[in-house]
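Below: one structure, written as structure tokens.
Everything numeric in this text was worked out from a predicted model, so none of it was measured. A, B, ... follow the sequence lines: proteins, then strands. Residue 1 opens every chain.
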There are 2 protein chains.
Amino acid sequence: MADIKPIGKALFLREEELRRGIELMFFAYRDFTGEADSILAEQNMGRAHHRAIYFIGRNPGITVSELLAILNITKQSLSRVLSALVETGHVEQQTGPEDRRQRLLYLTKTGTELESRLTEVQGRRFARAYREAGMTAVEGFQKVLQGLLDSETQQQAGDVARSRPPRGTPDR
Amino acid sequence: MADIKPIGKALFLREEELRRGIELMFFAYRDFTGEADSILAEQNMGRAHHRAIYFIGRNPGITVSELLAILNITKQSLSRVLSALVETGHVEQQTGPEDRRQRLLYLTKTGTELESRLTEVQGRRFARAYREAGMTAVEGFQKVLQGLLDSETQQQAGDVARSRPPRGTPDR
DNA sequence: GGTTTTATGTCAGCCATGTTGACCTTAATT
DNA sequence: AATTAAGGTCAACATGGCTGACATAAAACC
């Protein structure tokens, strides 16, 4: 910001810098999801299952509507995945105690185990990257990713991080 | 690294920090690709087309094999997309001058225009995020994303950034 | 010079995951 | 009693991965 450079070169640098970001995002996201994808494939699941499991694990007792709001997909798409997860015993649905139309979602033991395994491999990757890059870099990383979000997402993303008060545990 | 904290809390913080990273990656990637996806949808294209266009634009004269190595998909998947792009006049294939089995890939004028448009929207998003976050943050961002890559990808990603010597322009 | 390897293409079919649209049920709210 | 909200279901379609099988042309090798 402080230095004044010849406009031509500044623009060139800027474009290169931006392209570098675009490419890094592509490669990093691919590799970041790759390991989890392999584990999921063993269980005949895909990324969609992973996302559902992840956010249910993060927000026990979340409603379908709330989950839809996080994932930004149609209820039909989510429904397919949820049915499969209930079928395979990874997710449990409980009728809402106050509003009985709602189905509150919880991970079962199996679901929790899978979630841990998946989060662990992804966590390891982050732990390595964070360790190598150092604390300052991590702050910058988070700051930039925050800035890449749509403004509507910035709300949500914060909410997830702040973690809704979980709606009780399923009585079993 | 330097500070010694009660193990319990340190682990809790660590896990929260890692989950924050995982979630930010998910949301940021989704929003980052969202705008481009809309533009592509207008033209009846998807992300796969975008990736091909992007990397051909970045490496004029790239061979199908090289492109496959970057994208990490099967030749059948790429072939489908490339055929479509040739059909719609976004990409041109030229038989390799030295090895005539190769088809060197180039963007046409139309292809270049689309590439610019797509890179521009994504670039704008990055430019905003970079500007808001500041130079130090950007460095950290790049460092962490680098660290998230598979080691094989680290090579490639560097190569793309360093940009192969382009193989001539198509003679028209 | 004949064999093997490489680059590429093509056809067919499968699967996961997104979409839209239509329609239904149940229950809370007004 | 009527409306709204939560949720499900069915059907159909598109995209973009995948595998497997097979074809062709040319380079490279022995």
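Taking atom CZ on Phe26(A) and atom P on dG16(D), their separation rounds to 13 Å, with Å as the unit. Between the CD atom of Gln43(A) and the P atom of dC15(C) there is a distance of 18 Å, rounded to whole Å. Asn72(A) places its CG atom 15 Å from the C1' atom of dT17(C), with the value rounded to the nearest Å. Protein atom CE of Met45(B) is 23 Å distant from nucleotide atom P of dG18(C), rounded to whole Å. dT8(C) atom C1' lies 14 Å from atom CD of Glu66(B), rounded to whole Å. In this structure, CG of Leu68(B) is placed 11 Å from P of dG17(D), rounded to the nearest angstrom.
Without hydrogens or angle criteria, Thr63(A) side chain to Gln102(A) main chain gives no donor-acceptor distance under 3.5 Å. Without hydrogens or angle criteria, Arg103(B) side chain to Arg101(B) main chain gives a donor-acceptor distance under 3.5 Å.
Checking the phosphate oxygens (OP1, OP2) of dC18(D), a side-chain nitrogen or oxygen of Ser77(B) falls inside 4.0 Å. An OP1 or OP2 oxygen of dG18(C) is reached within less than 4.0 angstrom by no side-chain nitrogen or oxygen of Thr74(A). The phosphate of dG16(D) (OP1 or OP2) has a side-chain N or O of His49(B) nearer than 4.0 angstrom. Using a 4.0 Å cut-off, some side-chain N or O of Ser65(B) falls inside it from OP1 or OP2 of dT8(C). For the pair Gln93(B) and dG9(C), the criterion of a side-chain N or O lying under 4.0 Å from OP1 or OP2 is met. Proximity of Arg100(A) to the phosphate of dA27(C): a side-chain N or O atom is located under 4.0 Å from OP1 or OP2. Between Ser83(A) and dG8(D) there is no side-chain N or O to OP1 or OP2 distance below 4.0 Å. Between Arg51(B) and dG17(D), a side-chain N or O to OP1/OP2 separation shorter than 4.0 Å is present.
Taking the centre of each ring, Phe26(B) and Tyr54(A) stay at or above the 6.0 Å mark.
At a cut-off of 3.5 Å, with distance as the only test, a side-chain donor of Thr119(A) or Glu115(A) sits close to an acceptor on the other residue.
Between the side chain of Gln76(B) and the base of dG16(D), no donor-acceptor pair under 3.5 Å is found. Taking only distance into account, the side chain of Arg101(B) never meets the base of dT8(C) through a donor-acceptor pair shorter than 3.5 Å. No donor-acceptor contact under 3.5 Å links the side chain of Arg80(B) to the base of dG9(C).
Nearer the 5' end of DNA chain D, as judged by each residue's closest nucleotide, is the contact made by Leu78(B), out of Leu78(B) and Lys75(B).
Side-chain proximity of Gln102(A) to the nucleotides dA6(D), dT9(D), dG17(D) is greatest for dA6(D).
A salt bridge links Arg124(B) and Glu120(B); the closest N-O separation between the charged side-chain nitrogens and carboxylate oxygens is under 4.0 Å.
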